[in-house]
Every structure is written in structure tokens, then in C-alpha cells.
There are 2 protein chains.
Amino acid sequence: MKFPNSYYISDYKLPINDYFVFGLSVDCVIFGYQEGEIKVLLVQRGLEPFKGNWALIGDLVEPKQNLCDAANNVLEKLTGLKNIYLKQFFAFGSVDRHPLDRVVTVGYFSLVNSMDYKPIASSWAKSARWFNINDLPELAFDHHTILLKGIETLKDEVRHKPTGFELLPPKFTLLELQLLYEALLGYKFDKSNFRKKIIEMNILKPLKEAKENVSHRPAQLFEFDEKRYRALEKEGFSFEL
Amino acid sequence: MKFPNSYYISDYKLPINDYFVFGLSVDCVIFGYQEGEIKVLLVQRGLEPFKGNWALIGDLVEPKQNLCDAANNVLEKLTGLKNIYLKQFFAFGSVDRHPLDRVVTVGYFSLVNSMDYKPIASSWAKSARWFNINDLPELAFDHHTILLKGIETLKDEVRHKPTGFELLPPKFTLLELQLLYEALLGYKFDKSNFRKKIIEMNILKPLKEAKENVSHRPAQLFEFDEKRYRALEKEGFSFEL
DNA sequence: TCAAAAGTGTTCCGAATACACCCATGC
DNA sequence: GCATGGGTGTATTCGGAACACTTTTGA
């Protein structure tokens with residue numbers, strides 16, 4: 001490697017080659033929403049180390065691959081979905097986090113609408129399963145730590161940005177939205193007040209369609225108006241609750 | 001390296017050795033507060049590449065060094081201060097972010113009380129300077145991107161957590177606190193309302209001392225009550241504004 | 001006595017809360 | 001008709017915004 005003797009300004013006397021010994025990986029915390037509960041997608045490892053344990057999906061980053069591309073690839077390989085909501089949340093770099101060598105991993109979290117998710121025929125997908133985030137199995141590596149940090153980030157994000165919409169189908173009713181937020185935040189809303197608040201934000205586009213095949217009055221459907229949200233955001237509007 | 005043929009479950013056929021080619025560094029965005037303005041500490045590079053440009057301080061991580069230890073070391077080497085507020089905010093991993101080789105860098109941001117900061121006699125400190133965050137010089141590498149992300153993170157953090165206290169001396173007056181938050185957030189508060197709000201949060205410990213040597217009525221001094229804040233946080237209290 | 005900042009009190013308004021109530025549909 | 005969720009209206013409360021005012025110090 002044609003690296004100078006010091007990267008920034010360092011006191012190290014070691015040849016610089018000795019510094020290019022890191023492995024780099026990405027791990028994805030994939031959230032979904034089913035039956036009123038927040039789920040996370042895990043796979044069962046088929047190889048050592050930690051063979052048989054459940055784990056986040058992830059992979060080593062290639063030498064010429066951008067971090068976010070690596071994360072997108074991992075996600076696409078498992079779900080077949082492209083352009084999914086994907087956000088980096090933390091880099092985990094403890095010396096001993098991997099039993100065999102020095103691997104730094106970057107955590108991404110992702111929200112998928114479970115209806116879109118069709119496990120595809122890969123060695124991964126066969127062993128993939130959704131777990132309730134309050135009822136997790138033992139995890140490989142430091143994936144438990146990563147997952148907890150991911151959940152924390154999700155909750156922070158949900159409270160201040162209209163993140164949750166990614167978990168719903170594109171068209172949804174106000175009650176569905178309310179139930180989702182109740183699951184995400186862990187507390188109840190008053191129906192009337194929740195509606196008033198979200199409607200007045202002006203980030204939902206009311207549709208002329210209604211829910212069908214329900215044994216009660218059919219509810220109006222809405223879409224998240226992303227364009228409108230971006231516009232409001234620029235004006236200083238900030239999503240709360 | 002005794003690495004198995006696949007890290008997680010991968011389709012790669014390459015020998016695994018080819019994946020351990022990453023350099024890893026940390027870069028610190030160090031914020032300070034002087035004369036009512038938010039500053040950031042930069043150093044002038046003495047070596048190629050980007051010799052002469054201003055840059056964040058940072059360094060390569062050693063093979064057996066934890067990420068956060070690396071960041072702390074960098075900070076200590078420049079300022080002589082240990083146990084400073086330091087928080088990871090993002091990993092920057094573009095393939096081409098470094099002109100000479102593949103180096104992934106992890107950004108940390110830090111808040112220091114400028115009174116504590118005494119540049120120490122090192123090759124770094126000689127060329128260190130505080131810059132107003134609205135008046136930045138040209139920066140080396142992708143440090144401008146990193147810095148902007150750091151500023152963004154700071155503003156998010158400040159709004160939802162009692163972060164700003166690190167920028168003040170341990171004992172401060174309410175007006176000093178107000179002016180700091182005005183600088184951080186970019187807008188004014190009403191004196192009376194600001195006081196009421198912050199006092200009612202119960203996270204400040206009023207002292208029996210007062211500011212001295214001022215040509216007007218001396219103000220009461222306060223301390224941030226970290227213990228109390230942690231306790232309140234556990235009960236679900238959330239700091240806002 | 002004046003300037004400058006410390007510190008307090010009060011009114012007003014809008015938003016959040018807590019309910020109560022009516023509507024539409026399938027069975 | 002009744003169960004179920006859809007959808008609306010309103011009185012009350014609480015907290016924030018705006019602003020005025022008094023106090024204490026040094027010069």
C-alpha cells in the first residue's frame with residue numbers, strides 16, 4: 001500500500017501497513033409491524049461461529065463498496081426489495097466483539113411493510129423469522145447490543161419524525177395509524193385528539209376510497225404525503241407525536 | 001488470519017483475507033462556546049495529503065484499540081483533558097473519501113468548556129484554532145461533510161437532551177444558560193419564561209453563591225444536577241427546549 | 001441617580017385533554 | 001337491533017407567549 005507514514009499527524013512509528021487490518025461489516029435491524037406488534041427480522045446462522053444462533057442479517061463490506069450500498073445489498077438479497085427505508089445508526093467497534101478477528105460493524109435499521117416482504121429463495125431467507133421485540137432469542141456476536149441500540153434509535157426517530165409510515169401499507173386508515181403509533185411508543189391516544197392532531201399537520205392525503213369487506217362502517221383511506229412533509233419541514237415545521 | 005471462509009452467510013468466493021484491507025480512523029468535532037458564539041476546533045495539517053488545509057483532529061485506530069478509546073486519546077492528546085463528553089454520531093464510509101486508500105472514519109462530537117481547554121505542547125496544538133461554525137475555512141478530505149453532520153447532530157441533541165451544559169463552566173447564571181441556548185438553537189427566549197421552564201424541570205441545583213465583580217446586581221449561580229436528571233429521565237421525563 | 005442586569009407577577013390565548021355522542025355497515 | 005369501529009363536537013384545563021414591573025448592585 002502506498003500510504004504515507006502518518007495518516008493525520010500521529011506519533012506512531014509503526015509501518016502504516018499494520019493499520020490496514022480491519023474487517024468491516026454491516027448489520028441490519030429490520031423492523032416490521034404485524035398484528036399490532038413491532039417485530040424484528042432475524043436469521044438462524046448456518047455456519048460457525050455461533051452456528052445455530054439467531055442473528056441480524058449482515059455481511060462483510062467489499063473493499064470497493066460503499067457502506068450504504070453494502071447495507072442495501074444485504075437487504076435486497078434477503079427481501080428482494082430495493083430502495084427501502086434504511087438508516088445508519090451506530091458503529092460498533094469493540095476489539096473483542098468478534099471472536100475470530102477485528103471486525104467493525106456498522107448498524108443500519110430499516111422499516112418494511114410486512115405485506116411487501118416476500119422472503120426470496122436464498123440460503124438466508126429459509127431460516128428467517130420475525131420476532132417480537134419484547135421476546136427475543138439468544139443472539140450471536142454482540143447482536144443483542146446492536147439490536148437494543150436499534151430499538152432505541154427507532155423510538156427516538158418515531159417521536160420526532162414521521163418515520164412509522166414505512167411500516168404501513170401505502171393506503172391506511174387513521175385507526176391503523178393510531179394503533180401503529182401506540183405500539184411504537186407504548187401508550188394510548190385518544191381517538192378524537194389523535195385524528196385532529198395528525199389531520200391538522202397536513203401531511204396526510206385523504207383518498208376517495210374506503211376500506212372494504214369490513215363488518216362495520218368502512219373507514220376512509222389516507223396516504224402519507226411525503227412531498228408536502230418535505231415542504232413543511234423546510235419551513236421549520238417539526239413533527240411531534 | 002484464521003478467518004473462516006464466510007463471515008456471516010455470504011456468497012463471496014474470494015479468500016477472506018482480501019476483506020481485511022480497511023483502514024479505520026476517528027475524527028472529532030470539538031465544539032466550544034466563546035463570546036456568545038458556537039465554535040469548532042480545527043487544526044492545520046502539516047503533512048500530505050491536504051497539507052496546509054484545516055481539518056478535524058483525528059487519527060487512525062490501532063488494531064487492538066476500541067473505537068471510543070481512540071477518540072478519547074485523540075482528544076486527550078490535543079487538549080490534555082480526560083473524560084470529556086464525547087459521542088459517536090456517524091460512520092463515513094465512501095470508497096473515495098480518502099485519496100490514497102480505503103479509510104472508514106467514525107465521527108465523534110465533543111463539547112468542551114473553553115475555560116478548561118488549554119492547548120498542550122504537541123505538534124497538533126500549535127496549529128489549533130477555534131472557528132465560528134458559520135465561518136469555516138476549506139477543509140481536508142470530506143471533513144466539511146463530517147462537520148456539517150456533527151452540527152446537525154448537536155442541534156438535534158441539544159433540543160431533546162440537556163447537552164449544552166458541557167459548554168458552560170460548572171457554575172453558571174441563568175442568563176448565561178439562556179444565551180448559550182439562544183446561540184445553539186438560533187432564536188431568542190423570553191427571560192421570564194425561560195427561567196420558569198428550566199427551574200420547573202428541577203435539574204438545576206441553586207447555589208448560595210453569586211457572580212462577583214459585576215457592575216450590576218450579581219446573579220445567583222446554579223449547577224447542573226446530573227444525578228437528578230438521570231432519576232427524572234428514568235421516570236419518563238424528557239427534556240425539551 | 002443612573003445604567004444594567006436580576007428577578008417576579010399577571011394576563012391572554014391556543015393547544016391538549018377528556019368525554020360524550022351520533023353514524024354507517026354486516027350479521 | 002346490536003355489535004363494531006368510524007367519525008365529530010365541546011367544555012375544561014394547562015402551559016406557553018407576551019409584557020410589565022420591581023430589585024439590587026457598581027459607578
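These numbers come from the heavy atoms of this one structure, side chains and all, not from hydrogens, waters or symmetry mates.
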Nearest-nucleotide comparison on DNA chain D, the residue closer to the 5′ end among A:H216 and A:L174: A:H216
Along DNA chain D (nearest heavy atom to each residue), the more 5'-positioned of A:S215 and A:Q220: A:S215
Atom-pair distance (CG on A:L221; C1' on D:dG7), nearest Å: 15 Å
Set of residues satisfying ring pair (Phe, Tyr, Trp, His ring centres under 6.0 Å) with respect to B:H160, sequence neighbours excluded: A:H160
is_close_aromatic(B:F92, B:F90), centroid dist under 6.0 Å: yes
What residues form a side chain to side chain contact (heavy atoms under 4.5 Å, CB included) with B:A210, not counting sequence neighbours? B:P218
Measure CG/A:L177 against C1'/D:dG5 and give the value in whole Å, please. 16 Å
Does anyone know the first and last nucleotide of DNA chain C in reach of chain B, 5' to 3', at under 4.0 angstrom to a heavy atom? C:dA4 to C:dT10
Would you jot down, in residue-number order, the residues of residues 188-202 of chain A having a non-hydrogen atom under 4.0 Å from DNA chain D? A:K191, A:S192, A:R195, A:K196
Residues 148-157 of chain A, side-chain donor-acceptor partners within the protein, below 3.5 Å, at least two apart:
{"unit_1": "A:T153", "atom_1": "OG1", "unit_2": "A:K149", "atom_2": "O", "d": "2.7"}
{"unit_1": "A:E157", "atom_1": "OE1", "unit_2": "A:K87", "atom_2": "NZ", "d": "3.1"}
{"unit_1": "A:E157", "atom_1": "OE2", "unit_2": "A:Y85", "atom_2": "OH", "d": "2.5"}
{"unit_1": "A:E157", "atom_1": "OE2", "unit_2": "A:T163", "atom_2": "OG1", "d": "3.4"}

B:R217 CZ - D:dC21 C1' separation (whole Å): 13 Å
Can you list everything that forms a salt bridge (Lys or Arg N to Asp or Glu O under 4.0 Å) with A:E182? Sequence neighbours excluded, please. A:K188
Taken in chain and number order and not counting sequence neighbours, the residues that satisfy salt bridge (Lys or Arg N to Asp or Glu O under 4.0 Å) with A:D190 are none
Anything under 3.5 Å between a donor and an acceptor, one on a side chain of residues 36-43 of chain B, the other on a protein residue two or more places apart or in another chain? List them.
{"unit_1": "B:E37", "atom_1": "OE1", "unit_2": "B:N132", "atom_2": "ND2", "d": "2.9"}
{"unit_1": "B:E37", "atom_1": "OE2", "unit_2": "B:N132", "atom_2": "ND2", "d": "3.4"}

Applying ring pair (Phe, Tyr, Trp, His ring centres under 6.0 Å), name anything that partners A:F239, two or more places apart in sequence or on another chain. none
